[in-house]
There are 2 protein chains.
Amino acid sequence: MARQRAFDRDTALHSAVLAFWRHGYEATSVAELTAAMGIRPPSLYAAFGDKRRLFEEALGLYQETYGAFTARALAEEPTGRQAIERVLREAATEFSAPEHPPGCMVVSAGVNCGPESAEVQELLRRQRERTKAAIQARFDDDAAAGRLPPGTDTAALATYYAAVLQGMSNQARDGASPEALTELAALAMRAWPATAAA
Amino acid sequence: MARQRAFDRDTALHSAVLAFWRHGYEATSVAELTAAMGIRPPSLYAAFGDKRRLFEEALGLYQETYGAFTARALAEEPTGRQAIERVLREAATEFSAPEHPPGCMVVSAGVNCGPESAEVQELLRRQRERTKAAIQARFDDDAAAGRLPPGTDTAALATYYAAVLQGMSNQARDGASPEALTELAALAMRAWPATAAA
DNA sequence: GTTCTTCTGTATCGATCACTACAGAAAGAG
DNA sequence: CTCTTTCTGTAGTGATCGATACAGAAGAAC
């Protein structure tokens, strides 16, 4: 029927992920995006709508790839404690891997945005809250199974570990090594409430 | 001799602190700054040089006022443990105080900057490292005095608490209450190494 | 081949960016 | 008063922002 796209949409989207991850939403210009994606502005707008919708798609791809280790650990580990311990341990490696920008895109890509990108900030904030809620859900399982002391505030515990993850992302952006982040993760696990019986 | 300035320089600088604190360095435009400071661009440039130097001065004022609680706690408390415990406790209140933007300006004002503001990012990064080093120095005192188990990695401990502080700043920016942050701080203190003798 | 549709590249839109030229106004020196 | 100096407001600099108008090119239907 018509002319077909001359570039691979998924490859271009992946390049956009890396660009947004490195400099954040606002600081990544369309000119920088088109250069990274190897296309011209009209192709970008035809394929992705506008900069905001491109970011939304990029964030989705990030979650399914680089950021998927969190959901995987939370789903696969038998206990909340083992789940969060694995999340922190894998984050230490992922956040400082040299193959891609440091830290976590969900944590850092929307920090310094003006009011005109309030939608994007809100999108990221909701994602951070979803992660925190998923962590707390596993802790609630532990509490229900008696693996946490009676009366443990699982919401506060989830907030604590969410903050540690965000702090690890910041440290990685400041150049922390995988080893330093792994030590950090191990220290953070010492805050886990002691159970009376094993 | 000559016409004198029609605005109060310190008051204007304080307004600049709040503007930079809220939206970060790059996302705060000169137009927004002049509006917040109640002056016109030529007055800003005559009094402060340019946007970057205004930010440097604003950061200095922030450190002497809103951000001074950290240095104060580290200087005044008798032990490293008491110092970091007070830093976290006061940060819980300061980061979520309704009188000013949430979180810590040193943590959040330079996150999403492009390469053209590398100097500002580096300025903030160095400040974060100074704070981490100041924390570790107090931990080293504790280690030398036998208040920490032999062989304790004080650098890793300082990295951990620096990350917790940054995570608390992020949580505050996401709307965490002073109470939630205080609970977070208390949990973070549970990672403190147990000493064999008291 | 012709037609239709969609993509691509050039070149540009108005708006905003950090920043400043310029002229008038204000205040002390004489 | 005049002179000198510095500040203030208006207005506008070139550059870049996100986003597009337009025309030509590409490919399938016929």
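Just so it is clear: chains get the letters A, B, ... in the order the sequence lines come, proteins before strands, and each one is counted from 1.
Distance, B:M37 CE to C:dA18 P: 13 Å, rounded to whole Å. In this structure, CZ of A:R52 is placed 14 Å from C1' of D:dA19, rounded to the nearest angstrom. The distance between atom CD of A:E26 and atom P of D:dA19, rounded to the nearest whole Å, is 12 Å. Rounded to whole Å, atom P of D:dC7 lies 9 Å from atom CZ of B:F7. The interatomic distance linking A:K51 (NZ) with D:dC17 (C1') rounds to 8 Å, in whole Å. Here C:dG9 presents its P atom at 13 Å from CZ of A:R5, a figure rounded to the nearest Å.
When each of B:R3 and B:V30 is assigned the nucleotide of DNA chain C with its nearest heavy atom, B:V30 is the one assigned upstream, toward the 5' end. Between B:I39 and A:D50, the residue anchored closer to the 5' end of DNA chain D is B:I39, taking for each the nucleotide with the nearest heavy atom. Between B:A2 and B:P42, it is B:A2 whose nearest contact on DNA chain D lies nearer the 5' terminus.
A:R40 comes within 4.0 angstrom of a base, heavy atoms only. Here B:T28 lies in heavy-atom contact (under 4.0 Å) with sugar-phosphate atoms only. If you check every strand for non-hydrogen atoms under 4.0 Å, B:A46 touches nothing.
Remark: A:S43 is in phosphate contact with C:dT8, judged by side-chain N or O atoms under 4.0 Å from OP1 or OP2. Look at A:Y45 and you'll find a side-chain N or O under 4.0 angstrom from OP1 or OP2 of D:dA19.
For the pair A:K51 and A:Y25, the cation sits on the ring face: its NZ or CZ lies under 6.0 Å from the ring centre, inside 45° of the axis.
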